[in-house]
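First up is the structure itself, then whatever we jot down about it.
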Amino acid sequence: MRTDQELEEALTALAASEGISRQEIIRRAVLERYERAGHTARVRDSSNRMIDRWGDVLIRLGTV
């Protein structure tokens, strides 16, 4: 993986402050991003299902 000076400094600072390796910092960041992306997709899908099912009721409630 190629890095620039800014990333090098950030990795070094995080690793020192958390007491873990630079590799572990990167590993955790990637896994966190992956989990967050999956969560976002699940929320979006669930919201779409609820709008399909309850959209007319929500519209009526919004106009009362």
Residues forming a side-chain hydrogen bond (donor to acceptor under 3.5 Å, both in side chains) with Glu32, sequence neighbours excluded:
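Glu32: side-chain hydrogen bond (donor to acceptor under 3.5 Å, both in side chains) contacts with Arg36.
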Please name all residues satisfying side-chain hydrogen bond (donor to acceptor under 3.5 Å, both in side chains) with Glu35, sequence neighbours left out, ordered by chain then number.
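Checked Glu35 against side-chain hydrogen bond (donor to acceptor under 3.5 Å, both in side chains); zero matches.
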Cut-off 3.5 Å, no hydrogens considered: what does the side-chain donor-acceptor table look like for residues 12-30, sequence neighbours left out?
| residue | atom | partner | partner atom | Å |
| --- | --- | --- | --- | --- |
| Thr12 | OG1 | Glu8 | O | 2.9 |
| Thr12 | OG1 | Arg22 | NH1 | 3.0 |
| Ser17 | OG | Ala13 | O | 3.3 |
| Ser17 | OG | Leu14 | O | 3.2 |
| Ser21 | OG | Glu24 | N | 3.0 |
| Arg22 | NH1 | Glu8 | OE1 | 3.1 |
| Arg22 | NH2 | Glu8 | OE1 | 2.7 |
| Arg22 | NH2 | Glu8 | OE2 | 3.3 |
| Glu24 | OE2 | Arg27 | NH1 | 3.3 |
| Glu24 | OE2 | Arg28 | NE | 2.9 |

Going by side chain to side chain contact (heavy atoms under 4.5 Å, CB included), name the residues that satisfy it together with Arg44, two or more places apart in sequence or in a different chain.
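Partners of Arg44 under the side chain to side chain contact (heavy atoms under 4.5 Å, CB included) test: Thr40, Ala41, Asn48.
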Please collect all salt bridge (charged side-chain N to carboxylate O under 4.0 Å, His left out) contacts where either partner lies in residues 47-59, sequence neighbours excluded, each pair once.
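Only Asp56-Arg60 qualify under salt bridge (charged side-chain N to carboxylate O under 4.0 Å, His left out).
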Under the salt bridge (charged side-chain N to carboxylate O under 4.0 Å, His left out) test, residues paired with Asp45 that sit two or more places apart:
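So Asp45 forms no salt bridge (charged side-chain N to carboxylate O under 4.0 Å, His left out) with any residue.
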Donor-acceptor pair, distance only, cut-off 3.5 Å: does the side chain of Ser47 make one with the backbone of Val43?
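Checking the backbone N and O of Val43 against the side chain of Ser47, a donor-acceptor pair under 3.5 Å is found.
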Can Ile51 be reached from Val57 by stepping across I, L, V, M, F, W or Y side chains whose heavy atoms are under 4.5 Å apart?
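Shared cluster, no.
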